[in-house]
Undergrad: 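Pasting a structure below so you can have a look.
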Amino acid sequence: MSASQELPAGGAPAPDATEGDVNRTAARAAWQARHVGPATRQLLEEDAQHFLHQSLSTPCLDALTAADGIYLTDVDGRRFIDFHGNNVHQVGYRNPRVIAAVHAALDTLPFSPRRFTNRYAIELATRLAALAPGSLGKVLFAPGGSEAVGMALKLARAATGRHKTVSMWDSFHGASLDAVSIGGEALFRRNAGPLLPGTEHVPPCEPRGCLYGCGGSCNARCADYVEYVLAKEQDVAAVVVETVRCTDVQVPPADYYRRLRASCDRHGALLVLDEIPIGLGRCGRMFAFEHYDVVPDMVVLGKGLGGAVWPMAALIARRELDLAADVALGHYTHEKSSVGCAAALATLDCLELDGLLGRAAVIGQRIRGRLDQLRAHVPLVSDVRCIGALVGVELTLPGGEPARHEAERVMYECLANGLSFKVGQGNVLNLSPPLVITDAQLDTALEILERALLTVSAE
Ligand SMILES: Cc1ncc(COP(=O)(O)O)c(C=O)c1O
C-alpha cells in the first residue's frame, strides 16, 4: 500500500479531500491497524496488488460480504449503517421489489442489444416523462452519470450550435474527461492535461462560504456573475449546475434558480441541472429542482435510479430538444438495459408506493433536530444544512478554520462503531441515509454520530 499522508491543517482543502475522504491518510492506516482482521487484510492486499491505485478509492478501507436494507457487512462480520452508499441506496439494499424485478428481467430478457427496444425501457421512459414537469419529456439512458452528463453536453451543442458552457467551481459532474472539464474540483483537473475548450467556470452559490460575502443571506451576486458571463460571451450553449451540491450540501436560496433561468432565457443558453446523487427522492421531491420554481431544459439522473443494483442514468430533455436525430448522443452498449430499466421501474414504485419522498423530509428533520441540540454545546459543529434526507454537518475550529482532522476523526470513530458516511470538501460530514430507515435505526445512527462528535471535540 502507498505511504500515508496527513491532511493539511487550515488553508485550502487538499485537492484529494474535496470529493470524499482520502484513502492514504495516517488516520486511515491507524483505523485499519486497529479494526481490520487477518482475512480482510489478505483481501485488501490482493486488491491493492491487482487494481491500479487511484485517488480516493484504491487501496480500499475494508472488504464487504453483504449489503441488506440499511446495512453493509464486512468480512470481519462488522455491520455498518450506511449513510454513504455512493447515493445509490434511497430504497435500501436488496429491496424486495427491486430484487424481484431484476430477477424477472434476468430470467426473460437479460440484455437488449442496440437496434432493439424492450418494454422495460419504454415503460421507464414513459414514466420518467410523466413525472418530470413542463415539457421535460424526451429521455436517453446511459450506464453511468458521467456518460449521461456527456450526452447533455452533446445535445446542448447540437441544439444551440454553440459549444461553450458555464459551470461552477467545486462542482462534480463525473470522472470522465468531458465531465471533469465542466466539473470544478482540482482533484480531477490538476495535471489532467488539456480539458474541453470553452468550459468556463464561475463561483458557485455557496451560502456559507460565499465568495461575495453574503454570509448566508444571499445577495445573489453569484447569479449576477452568471448573467455577466452569458451577456459578455453571447454564445454559451449551456449553464450546468448541481441543483444542490452534494459533497457539502450547498442549498441555494429560492431566487437563485429563478435568476439563472431568466439569464439563460435572455441569452439563449440551456439550463442543465445535474441531479445524479440528489434526485429521485433524496431531497424530498422526485426532482430537487421542484423545491425551486423553475423547470430546466435538461435534467440528469443516475445513481439511485438503478435501485442500488444496476448502473443506470438518464437524461431527460425538453421535447423541443429532440432535434439531433443524426447525432450519436450516447450510443452506449447498455443503453436500453432491460435489467437496469426493470430495477429503475421498481425503484420508482418503491419511492411512490412506500411514501419515501415524504419520509425523506421526516428523516432530515429528525437528524437536524438532534444535531441542532448537540450544536448548542459542541461548538465544533458550526452548521447543519439539510434538504430532504441529505444533510451536511460542517465542522469548524474556534478560529473559523475548517476542522479537517476532526472531521476525519469523527468519520473513523463512527466507522469503528458501525456508521458509515463520507466527508465532503474536507470538513463536512455528508449524511445520506437510505429512505427506508426506521426511526429506531435512525436514532441508533445518530447516537453513534453524537458520541463521536462529543469524543472528538473533547480531545
Ligand atoms: C453530481 C454528480 N454528477 C455526476 C456524477 C457521476 O456519476 P457516475 O459516477 O455514475 O458517472 C456524480 C457521481 O458521484 C455526481 O455526484
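We count ligands from 1, going down the list as the structure has it; atoms in each ligand are counted the same way.
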Undergrad: Among all protein heavy atoms, pick out the one at the shortest distance from atom 7 (O) of ligand 1; state its residue, atom name and that distance to 0.1 Å.
TA: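 Protein heavy atom at minimum distance: G145 CA, 3.4 Å.
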Undergrad: Is any side-chain N of the basic residue among R282 and E275 closer than 4.0 Å to the acidic one's carboxylate O?
TA: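 Looking at R282 and E275, the cut-off is not met.
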Undergrad: When you check the gap from the basic side-chain N to the acidic O, do D62 and R28 get nearer than 4.0 Å?
TA: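 No, no charged N to carboxylate O under 4.0 Å.
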Undergrad: Does this structure show an ion pair linking K164 with D235, if we count only N-O contacts that are shorter than 4.0 Å?
TA: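 Looking at D235 together with K164, the answer is yes, because their closest N to O distance falls below 4.0 Å.
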Undergrad: List ligand 1 atoms under 4.0 Å from P277, heavy atoms only on the residue side.
TA: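 Reading through ligand 1 atom by atom, the close ones are 1 (C), 2 (C), 15 (C), 16 (O).
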Undergrad: Kindly identify the option in S146, A142, G183 whose heavy atom sits closest to atom 11 (O) of ligand 1.
TA: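 The nearest heavy atom belongs to S146.
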Undergrad: Which of these, E320, R318, R319, sits in a side chain to side chain contact (heavy atoms under 4.5 Å, CB included) with K138?
TA: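 Option passing the side chain to side chain contact (heavy atoms under 4.5 Å, CB included) with K138: R319.
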Undergrad: Which heavy atom of the protein is the closest neighbour of atom 15 (C) of ligand 1, given with residue, atom name and distance?
TA: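 Among all protein heavy atoms, the one nearest atom 15 (C) of ligand 1 is F172 CD2, 3.6 Å.
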Undergrad: Identify which one of L260, T243, V240 satisfies the side chain to side chain contact (heavy atoms under 4.5 Å, CB included) criterion when paired with L273.
TA: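 The residue from L260, T243, V240 that satisfies side chain to side chain contact (heavy atoms under 4.5 Å, CB included) with L273 turns out to be T243.
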Undergrad: For ligand 1, find out whether one of its N or O atoms is nearer than 3.5 Å to an N or O atom of K303.
TA: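 Min N/O separation from ligand 1 is below 3.5 Å for K303.
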Undergrad: Can you list the ligand 1 atoms lying under 4.0 Å from a non-hydrogen atom of E242?
TA: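 That gives atoms 1 (C) of ligand 1.
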Undergrad: Are V149 and ligand 1 in contact, using a heavy-atom cut-off of under 4.0 Å?
TA: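 No, that is not the case, since the closest heavy atom of the residue is not under 4.0 Å from the ligand.
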Undergrad: Return the residue, atom name and 0.1 Å-rounded distance of the protein heavy atom closest to atom 3 (N) of ligand 1.
TA: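 Atom 3 (N) of ligand 1 sits closest to the protein heavy atom D274 OD2, 2.6 Å.
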Undergrad: Exactly one of V244, L390, V391, V428 should register a side chain to side chain contact (heavy atoms under 4.5 Å, CB included) with R385. Which one does?
TA: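 The option that passes is V428.
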Undergrad: Can D349 and R127 be counted as an ion pair, charged N to O under 4.0 angstrom?
TA: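 A salt bridge links D349 with R127.
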Undergrad: Looking only at N/O atoms, are G144 and ligand 1 under 3.5 Å apart anywhere?
TA: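 For ligand 1, there is no N or O atom that lies under 3.5 Å from one belonging to G144.
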Undergrad: Any atoms of ligand 1 less than 4.0 Å from a non-hydrogen atom of G174? List them with their elements.
TA: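 Those of ligand 1 that fall under 4.0 Å from G174 are 4 (C), 5 (C), 6 (C).
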